[in-house]
Amino acid sequence: MLALSTQLNTYLLLGAMLFGFGVFGLVKRPSLIGMLIAAELVLCGASVNFMAFNHFLAPDKTVGQIMTLFIMAIAAAEAAIAMSIIVAVYRNYKSVETQDLADLQG
Amino acid sequence: MSSQALSQNQEVFELNLGPQHPATHGVLRVKLVMDGEYVVDAEPVLGYIHRMHELMGENRTWAQYLPNMGRLDYLSALSYNLGYVELVEKMMGIEVPERAEYIRVLTTELNRISSHLLWFGAFVLDLGGFTPLLYAFDDREQILDLLESVTGSRLTYCYYRFGGLYNDVDDDFLTGCTQFLKRLRSRMPMYHDLVTGNVILRQRLVDVGPISAEMCRRYGATGPVLRGSGVNYDVRKNEPYSIYPELDFDVPVYNECDSMARYMVRMDEIEQSMRIIEQCIAQMPQGDIMAPKVPKMIKPEVGDYYHAVEAARGTFGIRTVSDGKNQAYRMKLRAPTFCNLSLFQEASKGMLLADALAFMGSLDLVIPEIDR
Amino acid sequence: MAGYFKSILTGTKSLVTGLKITQAEFFRKPITLQYPHEVLVMTPRYRGHIQLVKNPETGTHQCISCGLCQKGCPSGCITVRGEKREGVKGKVLVQYDLDFTTCSLCGQCIENCKPGAIEFSLEYNLASTRKEDFHYDLLARLEEQK
Amino acid sequence: MNIQEFYNYFQISLGVADVVKEGVFLGFILVTLGGALMATCSTRTIRAIFGLVVCFVGIAGIYYFLNSPFVSLMQLMIYVGAVAITIAFAIMLAEPDENKRAAKTPPLAGPFAVLLGASVTWALAAASLGAKWMAPAIVVNEGTVTQVGEALLTKYSMAFELVSIVLLLAILGSLVVARSGRDKEC
Amino acid sequence: MNKATITTQLRALAATGMVDEPETAPAPVVEEVEEGAKKKAAPPAPRKNGLLEVDPARKGVHLDVQLNGDQVVAAAQALDAEGMQLEAITGVDWINDNELELVYDYSYTGGEFFRVVVRARIPRDEPNISTLCDVFPSANWHERETYDFFGINFEGHPQLENLLLPEDSDFHPLLKDFKGC
Amino acid sequence: MDINLVYMVLFLAGIIGFAALNAAYLVWVERKGAARIQRRTGPSEVGFAGLLQPLADGAKLMSKQILFPDGIDKPLFMLAPMFAMIPAVMILVTIPFGPVGFGPFADFMLVAREMNIGLLMIFAFASVNVMALLLGGWSSKNKYAVISAARAVSQDIAYEIPMILIAITIVMTTGSMHLSTIVESQAGGFWNWNWLPLQGNLFGPVTFIIFFICSLAETNRAPFDLGEAESELIAGFHTEYSSMGFGLFFMGEYANIVIGAALTTILFLGGWLSPLPASIPFIGAPSVVWFLLKMYLLIWTVVLIRWTYPRVTLWSLLNLAWKIMIPFALVNLLGSAALIKILPMLGL
């Protein structure tokens with residue numbers, strides 16, 4: 001039977017697809033928040049890859065896990081900062097649409 | 001400032017508090033403009049149970065209007081009864097027998113205690129504590145039982161008559177009153193331990209909803225609201241009526257001006273009312289309960305008259321214009337909570353929603369009285 | 001700093017006091033009445049809807065159909081009709097209707113009644129889904145009492 | 001009867017467990033991809049957040065299959081409990097009404113995004129699937145929670161400290177950015 | 001609060017606004033009442049402007065001031081300066097005189113028992129009077145209520161909408177020619 | 001990964017049944033208890049002492065129509081109640097209720113599937129629970145619900161911090177996140193339990209109280225029920241819910257109370273251990289009975305607290321968390337860490 005869960009390629013494909021979804025969302029989303037969500041997907045895609053390599057290929061199986069944990073910490077920090085920026089931007093421009101923020105490019 | 005103009009400057013949204021809302025104790029609607037949890041503007045919208053009592057006064061005889069008085073403020077109906085019969089007695093020059101006066105004061109003060117107890121329970125309920133409400137109801141039921149045994153009804157009393165009372169009280173009632181006072185005196189420390197001293201309650205009331213004495217004056221606020229702002233004014237003391245001048249009681253005044261001060265004023269008023277009742281029981285003379293000569297047809301002299309009494313929520317005033325007929329030409333009822341509520345819009349600006357509701361509770365609103 | 005710890009201590013103390021009170025109340029007996037199983041005895045002065053007083057001697061009412069109760073009623077919920085009959089002095093009551101939906105139990109009718117023909121009943125458990133159930137024919141109710 | 005006997009008593013070795021296991025795994029993959037799709041494609045921001053949460057839950061399941069329940073639970077705790085909630089809060093604060101959000105996307109963004117996303121996916125997949133991955137010759141450790149913890153405090157302690165500084169700075173920075181321009185001090 | 005100051009100020013105010021000859025002040029109010037009582041059911045004739053000191057034990061107020069419609073604000077300012085509070089505003093419809101009367105009740109809450117009532121009559125056909133909202137904020141609701149019941153237009157009122165009656169009502173129930181709706 | 005299917009399924013069913021039964025009968029306990037506190041009788045008509053009342057209520061709730069107000073986000077509206085219930089069940093899966101303690105299966109552990117990082121699992125799923133409130137409140141398109149969701153979330157996040165800090169202290173002193181190990185490390189009578197400061201936990205009783213208060217706040221119970229403050233926000237995030245949607249939120253709330261009490265029992269009150277030394281026969285034996293006894297005692301305290309205090313405001317709630325609890329928890333963490341290092345040096 002097809003044992004998907006024991007094959008590295010499944011995870012790699014999943015990671016690639018998540019990354020792709022993230023890139024797709026980053027371009028497509030009109031608002032800062034949508035882009036933030038897409039960025040989280042990109043990070044998740046990377047994490048999945050790390051974890052997969054860690055499980056199947058790494059001799060020291062702590063490395064990938066620790067990498068993923070660091071990514072999580074960075075993602076949390078990123079989300080906090082992004083949120084504060086979004087709130088600040090909204091307060092000044094009354095919008096989080098990227099089109100409306102063209103004057104930020106000053 | 002209209003809400004549209006506001007919303008351009010600030011992140012605001014409108015919230016309709018009521019007419020059906022657990023915190024408004026009736027059908028009051030407050031149009032809130034909120035900035036997050038903060039109240040930017042709160043406009044009370046009245047009139048959901050408006051019954052045009054003033055027009056009823058113009059097409060009923062003086063005696064027929066009497067039951068309406070119990071329907072204004074259903075929680076302290078006897079104060080309103082008292083104000084009205086005293087006004088008519090003033091117009092007609094009727095002397096009321098002393099026993100009747102004592103019974104009137106006794107029952108009014110009992111009614112005041114019951115009103116304050118209900119307010120106490122409902123106020124703590126507004127703050128989220130449910131149990132004190134039922135303890136207060138327990139005590140209040142005793143008062144209602146006592147008053148029922150005299151007046152026959154439990155809430156919308158119609159007990160006083162021009163020149164006296166509907167019927168006399170008996171010794172059972174007086175001993176019942178004494179027992180009740182004993183009971184309530186033992187319960188008051190429990191209330192203070194359970195509620196007044198509670199740190200959560202204090203956090204919610206101290207320094208919340210400050211109303212200065214000047215603001216009270218500009219808005220015509222009276223009653224515990226005024227006394228919680230450090231003004232020593234009580235119609236019973238300052239414009240004495242009935243037999244209040246012969247009784248020894250204090251007017252509780254607190255200078256903190258916050259919700260806690262209003263709370264404490266009412267709790268102390270319960271104690272003072274108990275003192276009044278004790279004196280009434282001790283000093284009550286025997287005798288008639290009706291004035292000997294009460295005209296069959298009440299036709300006051302032409303002119304206009306004003307009479308104010310201290311109801312549980314503040315100064316209740318009646319201004320009436322008589323054209324000499326058996327019906328009033330004009331009957332104006334000055335409801336205390338109407339004025340007390342009118343300061344809500346200014347005072348609640350910038351408050352947290354929870355604080356605004358605590359503040360509204362501390363004003364002790366009775367909607368039928370506001371809407372009349 | 002001392003104030004900080006003191007406020008924490010006093011606050012905790014007040015909370016514990018509250019808990020003690022409610023826990024003590026928990027062990028006390030309920031004071032409520034289980035209504036359909038137990039009923040209260042109404043005080044003699046209880047104001048139910050009005051009813052005609054039964055004269056113990058004659059077994060009938062004492063109303064002279066003067067209509068003073070009808071006139072005095074603030075909300076106009078009483079309809080009294082009497083008619084002249086031969087051989088009887090005064091008017092004979094043929095109809096005494098009470099619209100209890102508008103009655104405010106003020107007692108003006110009872111005070112106005114010279115012969116003392118009406119009184120408050122002690123009935124309190126009146127409930128119905130129909131408004132018409134509260135249009136009482138007091139004469140018929142007096143008959144039922146017999 | 002102790003617990004092991006109980007286990008053995010009910011032990012089923014028919015391979016049913018494997019089928020169920022694979023089914024659950026497939027379910028997690030579908031949940032992940034469905035969540036990702038919802039997060040990127042839905043028009044309402046709240047649904048995008050929800051999709052993100054679903055995707056995170058799916059990924060947590062995947063991590064569990066990768067034999068590291070610790071990371072899986074951390075994924076739930078940090079991503080769902082913190083990141084997703086933070087983003088949701090950002091929406092609450094910054095997008096009070098979603099109705100005005102119509103098709104503001106530039107006309108070419110849609111196709112272009114699809115194209116870009118697909119090509120990135122294809123490139124990555126091709127690269128990773130095409131490569132020859134070698135299984136490790138020796139396994140130093142199994143990556144248990146204890147080993148992860150020890151590694152964090154010994155081998156990677158510098159990185160660990162740096163991450164904590166990054167987090168601290170992020171907190172301070174977001175406080176500064178979010179508070180500036182707020183006139184009402186509270 | 002100084003009773004004498006208030007009395008003088010209000011008396012002066014009433015005197016300046018007088019169109020006809022001044023009412024002999026203090027007019028014994030009892031006489032007026034008796035006169036009215038003799039006529040039995042006839043409503044009292046419109047009073048002239050002026051200030052009466054009346055018996056509070058009988059009437060409930062100390063000073064009874066009648067002014068012109070345009071003087072109520074000045075009176076309110078004078079009373080405000082003395083620390084009085086506005087208790088109520090109401091109207092009376094004197095349909096026989098084709099006039100509406102505005103009644104302003106003031107009281108003092110500082111200690112002493114002192115009540116003042118200020119009246120003004122305005123024509124029934126153009127019921128306009130200036131608002132007291134700028135002096136006493138409590139006038140806001142009282143005036144809206146009076147607007148509800150009498151249709152009196154308070155000029156300069158910030159929000160003259162129905163308060164107690166429904167928003168869309170166009171009747172004024174306390175006018176004597178109101179026939180129900 | 002050896003998944004023993006039958007065992008899992010049996011226990012999962014058991015756990016869901018336990019959660020549902022607890023939810024139903026905790027409602028009864030709460031109503032009856034509140035009634036007695038308020039000198040009333042409480043439910044008394046359906047069954048003896050109203051014991052069948054929860055079933056009647058449940059039947060009524062299920063027969064009600066599910067209402068979908070205009071403008072709601074329907075899929076999320078329907079999913080939110082499940083998000084409230086599923087994490088609760090998942091957490092219950094990992095909680096060990098202890099050995100039976102008597103009879104032929106005396107050593108048999110009552111636990112569905114214990115993980116060696118059980119404590120982390122509990123906190124992970126507890127943080128998912130917040131999403132339920134957020135989604136439920138937000139998808140309702142009701143301003144009260146939105147305010148309530150914002151409140152509930154900020155409250156939950158604020159109280160997660162001291163809770164986790166204290167849990168970390170316990171993990172430090174015990175050296176394990178395995179719940180059974182944490183319990184077993186407290187063996188030897190009640191003076192060895194973590195709520196007393198005898199084991200390197202600096203402010204033992206204080207941390208116990210803080211943890212308990214945090215668990216109250218995390219489960220949105222009075223006096224921290226800001227999310228459904230009925231005198232302010234009507235019913236908060238579940239204002240628009242009817243029928244089983246409401247029922248699931250309700251069950252989730254009570255399941256969370258059970259979890260909070262169970263966790264406090266495990267971490268501080270010695271779980272299934274007897275308060276007396278194990279050498280005493282029968283009473284001294286560890287048993288699930290002890291566990292349930294302690295847990296329900298805590299739950300009763302929760303009920304008592306709800307019916308005693310008024311509700312706090314959002315600001316004083318957050319002040320309590322940030323100004324009192326977090327400093328205490330932090331000092332406790334540092335102090336305990338120091339103690340762990342110092343005590344062995346002193347030879348203790």
Side-chain angles (χ1 to χ4, degrees), chain D residues 1-3 5-14 16-21 24 38 42 44-47 49-54 56-57 60 64-65 67-82 84-86 88-89 91-93 96 98-99 144-146 148-149 186, chain F residues 1-10 71 73 75-76 79-80 83 86-87 90 94 99 104-109 111 114-131 133-135 137-139 141 143 146-147 149-150 153-154 156-157 160 164 175-178 315:
Chain D
M1 178 154 79
N2 66 19
I3 194 157
E5 287 169 22
F6 191 84
Y7 272 140
N8 297 341
Y9 187 72
F10 282 110
Q11 194 69 49
I12 300 170
S13 48
L14 293 174
V16 182
D18 281 341
V19 175
V20 172
K21 201 173 128 189
V24 170
M38 199 169 169
S42 79
R44 291 189 187 172
T45 331
I46 172 72
R47 287 203 188 163
I49 297 280
F50 181 71
L52 193 66
V53 170
V54 168
F56 286 154
V57 171
Y64 190 78
F65 273 87
N67 214 6
S68 62
F70 179 67
V71 179
S72 156
L73 291 177
M74 288 309 272
Q75 166 90 10
L76 272 187
M77 201 156 131
I78 292 177
Y79 272 112
V80 179
I85 300 250
T86 313
F89 246 73
I91 300 179
M92 270 193 185
L93 293 172
E98 296 172 20
N99 300 339
T144 59
V145 183
T146 328
V148 171
C186 48
Chain F
M1 261 174 55
D2 57 330
I3 302 172
N4 192 320
L5 267 178
V6 177
Y7 186 79
M8 277 293 282
V9 168
L10 272 180
D73 198 327
L76 299 190
L79 277 168
F83 256 66
I86 291 172
M90 291 301 291
T94 197
F105 298 99
D107 290 339
F108 180 63
M109 274 300 271
V111 57
E114 206 186 346
M115 297 178 82
N116 62 345
I117 44 173
L119 198 57
L120 183 67
M121 173 143 173
I122 290 175
F123 282 111
F125 280 99
S127 60
V128 176
N129 195 26
V130 182
M131 278 316 283
L133 311 190
L134 193 69
L135 290 177
W138 208 348
S139 60
K141 276 284 152 61
K143 284 169 187 167
V146 173
I147 296 178
V153 170
S154 50
D156 278 9
I157 288 179
E160 236 167 50
I164 290 180
S176 171
M177 282 199 274
H178 191 227
W315 269 192

Proximity breakdown for D/Ile49 and chain F, heavy-atom pairs closer than 4.5 Å: side chain
query: Between D/Ile85 and F/Val130, is any pair of side-chain heavy atoms under 4.5 Å apart?
result: yes
- request: Please examine the side chains of D/Leu73 and F/Phe125, heavy atoms only from C-beta on, and report whether any two atoms are closer than 4.5 Å.
  value: yes
- prompt: Do F/Met121 and F/Met177 come close enough that some side-chain heavy atom pair is under 4.5 Å?
  reply: no
field: Heavy-atom contact with chain D under 4.5 Å, split by part of F/Ile157
entry: side chain
statement: So, the part of F/Ser154 with a heavy atom under 4.5 Å from chain D: the answer is both
message: So F/Asp156 and F/Leu133, do their side chains get closer than 4.5 Å, heavy atoms only?
response: yes
- prompt: Looking at side-chain heavy atoms only, is the closest gap between D/Phe50 and F/Phe83 below 4.5 Å?
  reply: yes
- line: Applying a strict 4.5 Å limit to non-hydrogen atoms, the region of F/Ile122 in contact with chain D is neither
field: Per-residue contact mode, F/Leu135 against chain D (heavy atom under 4.5 angstrom)
entry: side chain
